[in-house]
Amino acid sequence: MRIGIIGVGGVGGYFGGLLAQAGHDVVFVARGTHLAAIQQDGLSIDSQVKPIKGLRVHAVSDAAGEKPCDLVLIAVKLWDTDSALAAAKPLVGADTRIASLQNGIEATDKVLAAFGPEHALGGVAQIGASIGQPGLIKHAGTMARLQLGALTGERLPLLADFAAAAQQAGFDFNEPDSISRALWEKFVFLASFSGVTALTRCSIGPIMAEPKTRALYAAAVREACAVADAKGAGLAPNHAERAIDFTAKLPGHMKASMLHDLERGARLELPWLSGAVAALGAQLGVPTPTHSFIDAALTLQAG
């Protein structure tokens with residue numbers, strides 16, 4: 001397969017790197033010192049599952065002149081969505097499908113608006129990964145899973161091909177019955193996980209071990225589920241408790257990328273996570289005191 005990766009951070013760098021190592025034709029669109037390091041020394045991944053050292057890949061700053069891809073994956077921070085979609089245009093041909101793997105719940109609608117239903121897919125990435133230094137992706141834990149699906153629910157031959165590519169590359173992939181529900185399931189988890197780890201400046205293990213902070217996390221999850229239910233997301237009735245149990249089983253050292261960004265003084269995705277839960281709650285008449293507090297407490301650091 002020919003695959004385009006727009007944004008070579010933890011998500012794009014890990015999954016794109018494994019696909020390239022497996023022999024697929026992957027074009028990476030990156031920038032700055034990270035791009036320069038990849039072009040000079042190759043792409044490296046520090047992982048207990050699939051480590052890679054100095055893999056030579058095709059990395060560019062501009063996709064103009066590149067051939068169209070079978071699949072394009074958007075993996076930039078949420079504030080860069082519009083520029084990433086513009087950067088992806090040269091890679092989108094008549095039969096190309098394009099999906100966002102970003103956080104939040106709004107990016108898929110932007111893909112749909114930019115490229116239309118004949119091209120847009122929904123996408124979910126589940127992985128703890130970040131840029132350790134220019135040219136190096138650090139993968140925390142063992143979880144590395146992608147979900148892609150047509151927004152109409154139809155089964156696509158392209159995704160059967162991608163499932164085979166993912167198996168060859170060595171990461172988990174599935175095409176869910178409802179990609180919309182999968183997007184909301186991730187949003188419930190990530191908005192809460194990001195908000196509480198960033199608020200406490202702490203990894204998830206101590207948070208879940210301490211009754212007070214576990215209760216804080218549980219409250220955030222239940223609020224996000226209530227918003228999802230009000231939007232008709234179709235979550236299971238016990239989804240909140242399942243999400244809390246899932247979080248308790250994560251490696252204790254895991255942190256959300258938003259906490260990594262906070263620790264290095266970078267801009268935060270807060271408006272699209274706890275901020276979005278609070279804003280949607282206000283629109284829908286759903287109380288969100290936990291996420292509203294998180295949004296207020298971190299606003300001055302959001303950038």
Of all the heavy-atom pairs spanning Ala224 and Ser192, show the shortest one and how long it is. CB-OG, 4.3 Å
Could Arg242 and Glu185 be called an ion pair, given the rule that one side-chain N must be under 4.0 Å from one carboxylate O? no
Do you know the tightest heavy-atom contact between Leu259 and Thr197? CD2-O, 3.5 Å
Can you see which heavy atom on His239 is nearest to which on Cys225, and at what distance? CD2-SG, 3.8 Å
Would you say Arg155's side chain and Glu175's backbone share a donor-acceptor pair under 3.5 angstrom? yes
Around atom CZ of Arg31, are there more than 12 heavy atoms from other residues, nucleotides or ligands closer than 6.0 Å? no
Distance, nearest 0.5 Å, that separates CD1 of Ile98 from CD of Glu118: 11.5 Å
Heavy-atom pair of closest approach, residues Pro90 and Ala63: CB-O, 3.4 Å
Please determine if Asp172 and Arg145 form a salt bridge, counting it only when a charged side-chain N lies under 4.0 Å from a carboxylate O. no
Does this structure show an ion pair linking Asp41 with Arg56, if we count only N-O contacts that are shorter than 4.0 Å? no
Using side-chain heavy atoms (C-beta onward) and a distance below 4.5 Å, is Asp70 in contact with Asp95? no
Leu156 and Val111: same hydrophobic cluster, using ILVMFWY side-chain contacts below 4.5 Å? no
Report the relative orientation of the aromatic rings in Phe193 and Phe189; use parallel for angles under 30°, tilted for 30 to 60°, perpendicular for over 60°. parallel
Hey, mind stepping through Val57 and Val26 against side chain to side chain contact (heavy atoms under 4.5 Å, CB included) and telling me if it holds? CA-CA 8 Å; Val57 298; Val26 182; over 6 Å; no
Under the side chain to side chain contact (heavy atoms under 4.5 Å, CB included) criterion, do Lys53 and Leu43 qualify, and how do the steps go? CA-CA 7 Å; Lys53 179 67 174 176; Leu43 177 65; over 6 Å; no
Joint cluster assignment, Val27 & Ile3, ILVMFWY side-chain distance < 4.5 Å: no
Ser130 side chain to Gly10 backbone, donor-acceptor under 3.5 Å: no
Is the number of heavy atoms from other residues, nucleotides or ligands under 6.0 Å of Phe293 CZ greater than 12? no
Do Leu112 and Pro117 have side-chain heavy atoms sitting under 4.5 Å apart? yes
Donor-acceptor side-chain pairing of Gln102 and Thr81 below 3.5 angstrom: yes
Can any side-chain N or O of His34 pair as donor or acceptor with the backbone N or O of Val8 at less than 3.5 Å? yes
Compare every heavy atom of Ser47 with every heavy atom of His139, then report the nearest pair and how far apart it is. ND1-OG, 2.9 Å
When you look at CG of Asp161, are more than 12 heavy atoms from neighbouring residues, nucleotides or ligands closer to it than 6.0 Å? yes
Any chain of hydrophobic side-chain contacts (each under 4.5 Å) joining Met258 to Met143? yes
In this structure, NE2 of His24 is separated from CG of Leu19 (nearest 0.5 Å) by 6.0 Å
Applying side chain to side chain contact (heavy atoms under 4.5 Å, CB included), run through Ile179 and Leu148 and close with a yes or a no. CA-CA 7 Å; Ile179 191 64; Leu148 297 171; 5.6 Å; no
Any donor and acceptor pair, going by atom type alone, linking the side chain of Arg2 with main-chain N or O of Lys67 inside 3.5 Å? yes
Could you tell me the separation between the CD atom of Gln21 and the NZ atom of Lys50, rounded to the nearest 0.5 Å? 5.5 Å
Go through Thr96 and Phe115 one step at a time and tell me if the side chain to side chain contact (heavy atoms under 4.5 Å, CB included) criterion holds. CA-CA 10 Å; Thr96 304; Phe115 292 100; over 6 Å; no
Distance col, row Ile74:CD1 vs Leu101:CG, nearest 0.5 angstrom, shows 8.5 Å
Looking only at heavy atoms, what is the nearest atom pair of Leu121 and Thr108, with distance? O-CG2, 4.0 Å
Separation between CZ (Phe187) and OG (Ser194), nearest 0.5 Å, reads 10.0 Å
Heavy-atom count around Gln168 CD within 6.0 Å, excluding the residue itself: above 12? yes
Does Ser292 reach the side chain of Glu223, with side-chain heavy atoms less than 4.5 Å apart? no
For Glu269, does its backbone N or O pair with a side-chain atom of Lys77 as donor and acceptor, under 3.5 Å? no
Give a yes or no answer on whether the side chain of Ser274 reaches the backbone of Asp295 with a donor-acceptor pair at less than 3.5 Å. no
With clusters defined by side-chain heavy atoms of hydrophobic residues (ILVMFWY) lying less than 4.5 Å apart, directly or transitively, does Leu35 cluster with Ile6? no
Closer than 3.5 angstrom, by distance alone: can the side chain of Gln39 be matched with the main-chain N or O of Val60 as a donor-acceptor pair? no
Would a distance-only check, ignoring hydrogens and angles, find a side-chain to backbone donor-acceptor pair under 3.5 Å from Thr247 to Ala243? yes
Can you get from Val72 to Val29 by hopping between Ile, Leu, Val, Met, Phe, Trp and Tyr side chains that sit under 4.5 Å apart? yes
Is there side-chain contact between Leu235 and Arg181, with at least one heavy-atom pair below 4.5 Å? yes
Under a 4.5 Å cut-off applied to non-hydrogen side-chain atoms, are Leu158 and Met1 in contact? yes
Close side-chain approach of Glu106 and Asp109, heavy atoms under 4.5 Å: no
Look up atom OG in Ser100 and atom NZ in Lys110, then write down how far apart they are to the nearest 0.5 Å. 10.5 Å
Should we say atom NZ of Lys138 is surrounded by more than 12 heavy atoms from elsewhere, each under 6.0 Å from it? no
Hey, can you tell me if Phe162 and Phe173 have their rings parallel, tilted or perpendicular (30° and 60° cut-offs)? perpendicular
Below 30° counts as parallel, above 60° as perpendicular, anything between as tilted: where do the rings of Phe171 and Phe15 land? perpendicular
Side-chain contact test, heavy atoms from C-beta onward, threshold under 4.5 Å: evaluate it for Asn103 versus Ser257 and give yes or no. yes
Side chain proximity check, His260 to Ile131, heavy atoms < 4.5 angstrom: no
